[in-house]
Structure formats: structure tokens, C-alpha cells
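Scroll down for the structure; my scribbles are underneath it.
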Amino acid sequence: MLQVSVLKAAPERVKQQLKKKNFKQPELVDRIIGLDDARKKIQAGYDEIQSKINTASKEIGMMMGKGDKAGAEAIKMQVTAWKLELEPLRESMVETEKQLVDTLILLPNLPADEVPEGKTPEENEIVRTGGAIPVLGADAVPHWELATRYNLINFELGNKITGSGFPVYIGKGAKLQRSLIQFFLDFNTAAGYTEYLPPFMVNAESAYATGQLPDKEGQMYHATEDNLYLIPTAEVPVTNVYRDTILKESDFPVKMTAYSPCFRREAGSYGKEVRGLNRVHQFEKVEIIQIVHPEKSYEVLEEMVVHVEKLLQRLELPYRILRLCGGDMGFASAITYDFEVYSAAQQRWLEVSSVSNFESFQSNRLKCRFKGADGKTQLVHTLNGSALALPRIVACLLENNQTESGIVLPKVLQGYFGGAGI
RNA sequence: GGUGAGGUGGAUGAGCGGCUGAAAUCAGUAGUUUGCUAAACUGCCGUACGGGUUAAACUGUACCGCGGGUUCGAAUCCCGCCCUCACCGCCA
């Protein structure tokens, strides 16, 4: 959620920025400013009357103490009259405030200056690429066939137990998952991230604070009996560690990493987009999160991008880093870098990580602030990224490293896996 | 699932209709002092939205889990909800 003060400081510039994000109702900016002004005016009137009532009530107390019953009664009459004036003001204040928040919540975060213009994924900017795209033999097959051939993943079994999009990992397939998780967590903690193992379900308050509610309600599985949501990413529980807190500058940077399964309903997908591991309802992911001083967030963003890049290099996978264009970015993000790895058998790029700076958009709802050197509290900046999401990494590892005699794993995984390949 | 207790500022915890935005202690912070380590003493130390100021000072309102109610006046009384803890039952 944006701060009203940001809109007020430069409404026209905000509208321009919203346009870049492909937001269709820039007029809401003026509406919000109007509502805020109205709210202030109403509150000023309300406060004034309330102040008179408070003063009068104290007088009554003193008169009663002195035994001046008649005097007290006279003031009581006056207070009753004021209270009648107060009621409509209170109603319109609550109503205006509700409208203000309801409208403000519709505005996406503003894109950073370096975010490219554009509306579709085709307009994303390729920042750099790395690794070599392997040349596969004519008999190369996609990962879902390899998974079956070596009995690593059973998709049909998942259908039986739960439903489509819930793959069952078996034997070496399961161990590969565990190896990757272990490797990622080790790599992240070595870089100074503190490991968390968070709850995999969250309450509505937490889901709201990180922005999953109300925007993406349909995306999450909801256990209605207990009103809890299955997390779509570890970002939700882990970022909420710092909900309603005021940090000191010396607490920066807060660096957290967490493994979790992620649950996503992913309505509306179809065809080869969802084949095999390309898109599933439950998958494993290791997330990195930082909470930092606002002046440092872009520096930290670069650091996180390099960190994720190193992971891909260690895995020896061909990758590319995209800077998303305004129209393709997420609602809460000020800038996002997507990481894609090349799936050699499917001959397409698959997204495996997304690193974003939310600036103060998330911390505003999260109420995560810090007290600066000047003694003023202000909002922190939050950033997060996947490091990494497993399914598509597994897809590429299988496809790109397939040989006639089996699948060769990158060196970095061999120790974790307990073998050179499958 | 049953029974009981309770939710107060960063923490512990007092207050149980007006003198309480809230004692005290601890932590934090600024300073004084003693030769260091350390201790003692003194001041400061909640958040949000307003007014005010170059900036402060100062000042209005709200907030003692959340939402209602009673009252001239509520942290304090009443109702509903949420949550936590303890014991019992069940269970990994």
C-alpha cells in the first residue's frame, strides 16, 4: 500500500508512474487526495468538540467532588448537546476513512525509474545471460518422460492421492529435492541469511500484511473451518516475523532465508504450460528476504540478484536475467528481476526465481518501521527473491544433463545427493 | 474436546469508574563521577492522525487484544468475538 503523502507530494508524477505499470485508473490518485483532505477536515471538527467534552467532563468530576450537584447537572446538559453534534461527524469520519483505504489499496506500487516501459512479457529487458545451452541428441526427451523412465516423479499417483499438480517424488527423485533444498539453504546461510522454518499456514492478518489479501485471495488455498491460508510462498510467514515492529538502524540488514512448500491454486492455466513440473499446485522453494534501510535497498537488490545468479552458476544451468517491464511486474513490486533457465528438451525458458524490491509498499501494511538517526520513525524497505524454486530447476537438470547412460548431476550437488547422477 | 486463568508500553508487571497515556523494575539512550574492567548517580525514553514552528518547544484527538454498550466521564463496569496460558482427555 502506498503512502498518501507520496501521492500528495507529486500527484502528476505518480499518475505517470502508474501508467507505466499499465494501471488503468490514474484518476484514483485525485480521489484519494480528496478523501484524505476531507478526512482531515472532519477530524479537526470532531477533535474540537471531543476536546470540549473532555474538558467539561473533568469539570463535572471536580464539581461532584466539591458537592456542587446543580453546577454539574448544568454542564451535563451541555455535554449531551455536544455529543449529538459528534455522532454524525464520527460516522462520516469512519466512512471516509474506509473509502480512503479501500481506494488506496487498489493502487499498485510505483515502478522504479529503471523499469522499462512495456505491457507484455515480450517487452521485458534481458539484462544478461550466462551458461551454455547444451546441444541434445535427437533422442532427447522432456523431463516428464525422464522422470517416468527413472521412476523419479509419479504424476499419476499424485492425481490419485490429491489431484493434478501434486507430483509424488520417489527414490532418487525425492532425494534430489532434498539435496537441492539443503544446498540452497547452506549457500544462503553462508551469505549471512538466518534460516527460518516457518508455519506453512497463516492467518488472514498475515496474508493481508504481505499483500496476498485481498488482491490474490483466489490464488491461495483456504482452510475455511479455521480461517487459515496455505502459504503460496515462505515470504508470507517470514516477512510477518517483522509485522508491527520498530527496528533500530543497527538491526539492519535483516537477512532471512526459509525453505517451505508452496501452495498455489493457479486457476486458468492449461496445455503445455502445465505439463510435468512446469506448473504445479504444490512445490518446494527456498526464499531469501531482506529488510533494509531505504537508502540501501537498491544496493541490496543488486546483491541479491548476484546471489541468485551464483546459485544458477553453481548448478551449471544456462540462465538469463530479465528486468521486467512495467506491465509485467507484480502488484507490490517497484522493480523485479526474473531469472529463467533454459529447458533444452522443451526448448523454452522457465522462470525459477523472481527478485523484487518492494520499497515501502509492503512495510506500510506490515507496519514495519525503524527509528532513524534523527529520531523519526519511517518505513523500512523489504526485498525478497526465490533462491530457488525447485520444480523447474529439476526439469532443467534432468533435461539438460540427460545422456544415454543416465543423468549427470552438477558437481555442487553430488555430495548432497551422494552420487554423480541418476 | 472438557475445565480454569488471563490478554496493559521493548520486557516483567501495578492499576480495577474522574487525580492514569498509564506506577515500579529491567532493558535502551544521553550525561556526571571513580585509575581500567565494572559500578553508582542524574535526565530522557510508546504509536497514529491533526494544529503549531525554519526546525524545535508547545498543543488537540485516539489507542491498555478486537468490536459494541452503559456513563457527564471507562484500561477499570456490561455484552460479543479473537487469541494465549495451565490442567485433564486424545495424539505425532
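Heavy atoms only: backbone and side chains are in, while hydrogens, waters and symmetry mates are out.
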Check: Taking the nucleotide of RNA chain B with the closest heavy atom to each, which residue, A:G61 or A:I53, is nearer the 5' end?
Finding: A:G61
Check: Starting at NZ of A:K58 and ending at C1' of B:C72, how long is that distance when rounded to a whole Å?
Finding: 13 Å
Checklist line | Spacing of the C1' atoms in B:U33 and B:A38 (rounded, Å) | finding: 13 Å
Check: Just checking A:I75: base, sugar-phosphate only, or nothing, at a heavy-atom cut-off of under 4.0 Å?
Finding: nothing
Notebook entry, point to check: Using atom P of each nucleotide, how far apart are B:A14 and B:G9 to the nearest Å?
Noted result: 13 Å
Item checked: A:K83 NZ - B:U71 C1' separation (whole Å) -> 7 Å
Check: With distance as the sole criterion, is a donor-acceptor pair present between the side chains of A:N240 and A:R243 under 3.5 Å?
Finding: yes
Check: For A:Y242 and B:G10, what is the distance between atoms OH and P respectively, to the nearest whole Å?
Finding: 16 Å
Notebook entry, point to check: In terms of the angle between their ring planes, are A:F331 and A:F361 parallel, tilted or perpendicular, with boundaries placed at 30° and 60°?
Noted result: perpendicular
Item checked: B:G80 and B:U3, which share atom name P, separated by this distance in whole Å -> 16 Å
Notebook entry, point to check: Rounding to the closest angstrom, what is the interatomic distance between B:A5 and B:U59 at atom C1'?
Noted result: 42 Å
Check: Checking A:R314 against A:F183: charged group under 6.0 Å from the ring centre and within 45 degrees of the axis?
Finding: no
Next item on the list: Using the P atoms only, state how far B:U47 lies from B:A56, rounded to an integer number of Å.
Entry: 15 Å
Checklist line | Aromatic ring proximity, centroids under 6.0 angstrom, A:H293 and A:F370 | finding: yes
Check: Are any of the side-chain heavy atoms of A:Y229 and A:Q212 separated by less than 4.5 Å?
Finding: no
Notebook entry, point to check: Quick one: side-chain hydrogen bond (donor to acceptor under 3.5 Å, both in side chains) partners of A:D102, sequence neighbours excluded?
Noted result: A:K98
Notebook entry, point to check: Whole Å only: how far is the CD1 atom of A:I49 from the P atom of B:C72?
Noted result: 18 Å
Margin query: Walk along nucleotides 48-63 of chain B from 5' to 3' and tag each nucleotide B, S or - by protein heavy-atom contact under 4.0 Å, base first, then sugar-phosphate.
Written below: SBS-----S---BSS-
Do any N or O atoms of the protein come closer than 3.5 Å to N or O atoms of nucleotides 89-92 of chain B, and which pairs are they?
none

Next item on the list: Using a 4.0 Å heavy-atom cut-off across all strands, classify A:K41 as base, sugar-phosphate, or nothing.
Entry: nothing
Item checked: Atom-to-atom span, CG of A:N203 to C1' of B:C82 - whole angstrom -> 11 Å
Notebook entry, point to check: Going by atom types alone, do A:Q43 and A:E97 pair a side-chain donor with an acceptor below 3.5 Å?
Noted result: no
Notebook entry, point to check: For RNA chain B, what are the stems built from at least three Watson-Crick or G-U pairs in a row, each pair having both distances below 3.5 Å?
Noted result: B:1-7 with B:82-88, B:10-12 with B:24-26, B:28-32 with B:40-44, B:46-51 with B:58-63, B:65-69 with B:77-81
Notebook entry, point to check: B:G67 and B:A55: how far apart are their P atoms, nearest whole angstrom?
Noted result: 34 Å
Next item on the list: Indicate whether OP1 or OP2 belonging to B:U47 is found under 4.0 Å from a side-chain N or O atom of A:K371.
Entry: yes
Checklist line | Length of the line joining A:L84:CG and B:U71:P, which is rounded to integer Å | finding: 13 Å
Notebook entry, point to check: Under 3.5 Å, is there a donor-acceptor pair between the A:Q378 and A:Q3 side chains?
Noted result: no
Check: Any side-chain donor paired with an acceptor under 3.5 Å for A:N159 and A:S164?
Finding: no
Check: Between B:U47 atom P and A:L366 atom CG, what is the distance in whole Å?
Finding: 17 Å
Note to self: When the P atoms of B:U25 and B:U84 are compared, how many Å lie between them, rounded to an integer?
What the structure shows: 33 Å
Next item on the list: Can you tell me the distance, in whole Å, between the NZ atom of A:K248 and the C1' atom of B:A11?
Entry: 13 Å
Notebook entry, point to check: Is the centre of the A:H381 ring less than 6.0 Å from the centre of the A:Y298 ring?
Noted result: no
Item checked: Polar contact flag, side-chain donor to acceptor under 3.5 angstrom, A:E340-A:Y319 -> no
Item checked: All pairs passing salt bridge (charged side-chain N to carboxylate O under 4.0 Å, His left out) where residues 152-180 of chain A contributes a residue, at least two apart -> none
Let me have the donor-acceptor pairs involving side chains of residues 410-418 of chain A, under 3.5 Å, with sequence neighbours excluded, atom names and distances please.
residue: A:Q414; atom: NE2; partner: A:L409; partner atom: O; Å: 2.8
residue: A:Y416; atom: OH; partner: A:D186; partner atom: OD2; Å: 2.6

Notebook entry, point to check: Rounding to the closest angstrom, what is the interatomic distance between B:C88 and B:G10 at atom C1'?
Noted result: 36 Å
